[in-house]
Number of protein chains: 2
Amino acid sequence: MDRNTFIAGLSDLPARCILKDEAELRPYECDGLSAYRRLPWLVLLPETIEQVQFILAYCHTHNVPVVARGAGTGLSGGALPLDNGVLLGLAKFSRIIDIDLPNRLARVQPGVRNLAITQAVAEHGLYYAPDPSSQIACSIGGNVAENAGGVHCLKYGLTVHNIAELKLITIEGELLTIGSPSLDSAGYDLLALLTGSEGLLGVIVEVTVRLLPAPEQAQVVLAAFDSVAAAGQAVADIISQGILPAGLELMDTLAVRAAEDFVHAGYPTDAAAILLCELDGEQHEVEVQIDKVTQLLQASGANEVRRARDEAERLRFWAGRKAAFPAVGRLSPDYYCMDGTIPRKHLGQVLSTIAQWSKAYGLPVANVFHAGDGNLHPLILYDANKPGELERTEEFGARILELCIAVGGTITGEHGVGMEKIDQMCVQFNEAELQQFHAIKQAFDANGLLNPGKAVPTLARCAEFGSMHVHHGELPFPELERF
Amino acid sequence: MDRNTFIAGLSDLPARCILKDEAELRPYECDGLSAYRRLPWLVLLPETIEQVQFILAYCHTHNVPVVARGAGTGLSGGALPLDNGVLLGLAKFSRIIDIDLPNRLARVQPGVRNLAITQAVAEHGLYYAPDPSSQIACSIGGNVAENAGGVHCLKYGLTVHNIAELKLITIEGELLTIGSPSLDSAGYDLLALLTGSEGLLGVIVEVTVRLLPAPEQAQVVLAAFDSVAAAGQAVADIISQGILPAGLELMDTLAVRAAEDFVHAGYPTDAAAILLCELDGEQHEVEVQIDKVTQLLQASGANEVRRARDEAERLRFWAGRKAAFPAVGRLSPDYYCMDGTIPRKHLGQVLSTIAQWSKAYGLPVANVFHAGDGNLHPLILYDANKPGELERTEEFGARILELCIAVGGTITGEHGVGMEKIDQMCVQFNEAELQQFHAIKQAFDANGLLNPGKAVPTLARCAEFGSMHVHHGELPFPELERF
């Protein structure tokens, strides 16, 4: 359809909701995966649920695809726009609608920033648990679309565990209420299906989140290790003792030094790896757990175990972790942040393999990640201006994801598949499973208009990719015989 | 299809897996909702995954419907058989396949009893958290199909929160692996969609459950109140203070007296209602919480607050609660156990309304339920031999469910919809939402062969039902103006 004809049909929409000039479109050309850019055909910024219903029904009628976008902080390219479709920005849905203290729920619009929820309820001693690194900027609608996590999701769960109800607009413009603030919801559980569905099934226009009481106390222990494998083993030891830290993060030497140079967190820069282990809860319980964790870390071979002396030091320890990505970014013109998950028991060996490959590819890797969850974030450092280096980086990244699958893990942790990992979906799932995904898509969006080309590959794409790759269970990794 | 012709095609199945004589079929005529009975056309008891694949593909080819059945303890009639279809019993899938201690997972067949999992891992200090009242008998496959709960799901979640992976056979005989033991699973989250789908989307042949470390200590406090409303308010007070009890159960006077007569739990029989509040965790933490809860209960107007003096008394307190259903069963020839969920803040008023209706219908009601979750279980006492009394009971039950919806709750807590509550689905959901459910069903089972007539009503059925009932938001309950 011709763009002007399409726009002419949008006359019910205020002019301020329609962006069509290149200068206006440019800010929407990419999300947090900025290696991929594409100028959108048209950007629409609706202000009401009725406008979203109208836009989607109109796109449906005219067979125009739609990509929904929150704050654009996603790391897997899920909000990369189309040159033949609408980029539907939800930024104007930025209102906290209702805070229900007795039931500890907040009903918010999708454009509300993650951190703004906690700020709005902090005076009541409550908070919203999932805390992606981008929480200052990222919006709750995007968090739901990607099933975002964060440092504290080891104890408090991913987005899906912290929401109660969604309002969703289908591509046909129907408003659906999904889930319930109650214990259980009758009918099929579509809440988890929609969470993490990366904008392929509908557009979220309201989210009811669960709030938690802020813990009485939080304490953090820092442990330094001579090897990454020893730090990985310590993680497995802590968890297998039944201790559930609020956060359990691993940083390797490259990440430690970069963070230390950047924010002066007080990290030991001679360590091969450090662990940050946070315990929270009732005061005495935290004390007991800190003692247990300290003993376990010492028994696991840590050569230094240090408890934050005060709240200021605790915040400094975390400031280093939270700044680790931009800090690593200062080491290299570009970096590529991977996101896969593995069973904790394979942490040490997978990290060793990545280190070997790093040498082979000639691409340095910094590791900063949610070790307690087994959620790896290798940051591959490269220079996009050197010919072939981006391609080599992508190949290395793909191998890491396939390694995650080979040890029984998955290609995602908390960043989604987007367009970044779509080929690895062919390795993770067999044909029957992918067909089932397409059948689900069909049940919501028969014409495939919502975020096409993301998250779930077509069987044709996998067939093409498969000619180069070997499927699950037969991956050509001789290293894996050791696992 | 003629039954003998159908059976002839099953020659690959050992004869011991095929039940066809009336005496063999009779035990399968109902599940735990025994008011409904129907002799199955044929019972098949496969022993291997391949046999399940074969049976389902064979039924698919010949357009024969299939009802899967676990231990048959379900309370909403989800496993009620068909007189023109196969009853597929999973009882022979009773093996614990693997226990993975480092990752605290157990991989089990669907016919394994809920309690058997905990028994198998108890020596390692672990347990499986969801504990429906039927946990001695009910099977994990049935727990997944109904998303079962239990006393401890307030703190530890429903079945969906305690499983990691499922193996599923589709009606076409395809084996799918759903979910992952890792943090997140790529692709659409089908694990929660399948959990609680009541056998309508596929047949579960393997479940990987999450295991939890057994708490260091558990303590229970019993509080007696002069009114049910005061007990309901105390529940809201405890939860809104950020305390998360392992269990928080309410029993009204009828239930208390019945349980006391039956098992001599030591309950105060003059109370209008009692609360049982269990705290578990690290020893000191439990002590602190018990003190807080005791103070809150006293402040909420409890006229007696008693802590179990020792483990024997704690178990007696719970024995009374767990025996409450059969104890109430001794008061009356029949009883009908409802299962709806409401926001906790409406507990007092909803219970008062039920009490008023109980008088109006002339049907006594005992209340024994998971108050912390807002998950009501009113037991309506009736005599099926008195003409019209079952019908009056069903009407009363339906009104209770609709009341749950009207205050913002749902028609299920942990028993599923089955055939019991199928009409109330028309009240809970609007046409677009039901259509979305049917589209999901279509994506798994286009010919509607899996458990037809359960869980999700056809739009035609709702249209018929709707002519007698008013839809969500316009329920004719003048009582509700007070809410």
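A, B, ... follow the sequence lines: proteins, then strands. Residue 1 opens every chain.
With respect to chain A, the highest number of heavy-atom pairs below 4.5 Å among B:Lys421, B:Lys345, B:Glu414, B:Glu198 belongs to B:Lys345. With chain A as partner, the option from B:Pro102, B:Gly196, B:Gly125, B:Gly187 having the largest number of non-hydrogen pairs under 4.5 angstrom is B:Gly187. If you tally non-hydrogen atom pairs under 4.5 Å between each of A:Ala186, A:Ala439, A:Gly409 and chain B, the highest count goes to A:Ala186. Taking chain A as the reference chain and counting heavy-atom pairs below 4.5 Å, the highest number among B:Ser197, B:Gly413, B:Ala455 is found for B:Gly413. When each of A:Ile411, A:Thr177, A:Leu244 is checked for heavy-atom pairs under 4.5 Å with chain B, A:Thr177 comes out on top. Annotation: maximal heavy-atom pairing with chain B below 4.5 Å, among A:Leu200, A:Leu434, A:Leu193, occurs at A:Leu193. Each of B:Lys441, B:Glu285, B:Gln289, B:His370 has some count of heavy-atom pairs under 4.5 Å with chain A, and the biggest count is that of B:Glu285. Counting heavy-atom pairs closer than 4.5 Å to chain B, the top residue among A:Gln442, A:His124, A:Met425 is A:Met425. No other option in B:Gly281, B:Ala192, B:Cys404, B:Pro213 has as many heavy-atom pairs under 4.5 Å with chain A as B:Ala192. Chain B forms more heavy-atom pairs under 4.5 Å with one residue of A:Leu190, A:Asn103, A:Asp373 than with any other, namely A:Asn103. Among B:Val417, B:Val456, B:Ile440, the residue making the largest number of heavy-atom pairs under 4.5 Å with chain A is B:Ile440.
To the nearest 0.5 Å, the span separating CG on B:Asn162 from OG1 on B:Thr208 amounts to 13.0 Å. Here the CG-CG distance, from B:Leu176 to B:Leu168, works out to 5.5 Å after rounding to the nearest 0.5 Å. For the atom pair CD1 of B:Ile169 and CG of B:Leu175, the computed distance is 4.5 Å after rounding to the nearest 0.5 Å. Within the model, atoms CD1 of A:Ile163 and CG of A:Asn143 stand 10.0 Å from one another, a figure rounded to the nearest 0.5 Å. One distance of note links CG of B:Asp189 with CD1 of B:Ile178; it measures 9.5 Å at 0.5 Å rounding. One distance of note links OH of A:Tyr127 with CZ of A:Arg104; it measures 10.5 Å at 0.5 Å rounding.
The closest donor-acceptor contact from the side chain of B:His377 to the backbone of B:Met338 lies under 3.5 Å. A donor-acceptor pair is defined here as one N or O able to donate and one able to accept, closer than 3.5 Å; no such pair exists between the side chain of B:Gln349 and the backbone of B:His346.
With a 4.5 Å cut-off on non-hydrogen atoms, B:Glu282 touches chain A through its side chain but not through its backbone. Interface remark: A:Thr170 contributes side-chain atoms only to the contact with chain B (heavy atom separation under 4.5 Å). With a 4.5 angstrom heavy-atom cutoff, A:Ser180 touches chain B only via side-chain atoms. Heavy-atom distances place the side chain of A:Glu174, and not its backbone, under 4.5 Å from chain B. Heavy atoms of A:Arg344 lying under 4.5 Å from chain B belong to its backbone as well as its side chain. Contacts of A:Ala236 with chain B are absent, with no heavy-atom separation under 4.5 Å from either backbone or side chain. Residue A:Asp237 does not touch chain B at all, counting heavy-atom pairs closer than 4.5 Å. The part of A:Leu201 that comes within reach of chain B is its side chain, from C-beta onward, which places non-hydrogen atoms under 4.5 angstrom from that chain. With a threshold of 4.5 angstrom between heavy atoms, A:Lys454 does not approach chain B through any atom at all. Interface remark: A:Asn147 contributes side-chain atoms only to the contact with chain B (heavy atom separation under 4.5 Å). At a 4.5 Å heavy-atom cutoff, the contact between B:Asn375 and chain A is made by side-chain atoms alone. Looking at A:Glu287, neither its backbone nor its side chain comes within 4.5 Å of chain B, counting heavy atoms on both sides. With a threshold of 4.5 angstrom between heavy atoms, A:Gln436 approaches chain B through side-chain atoms but not through N, CA, C or O.
Partners of A:Glu420 under the side chain to side chain donor-acceptor pair (under 3.5 Å) rule, at least two apart in sequence or in another chain, are A:Tyr336. By the side-chain contact (heavy atoms from CB on, under 4.5 Å) test, A:His161 pairs with A:Leu158, sequence neighbours left out.
B:His284 and B:Glu216 share no side-chain donor-acceptor pair at under 3.5 Å.
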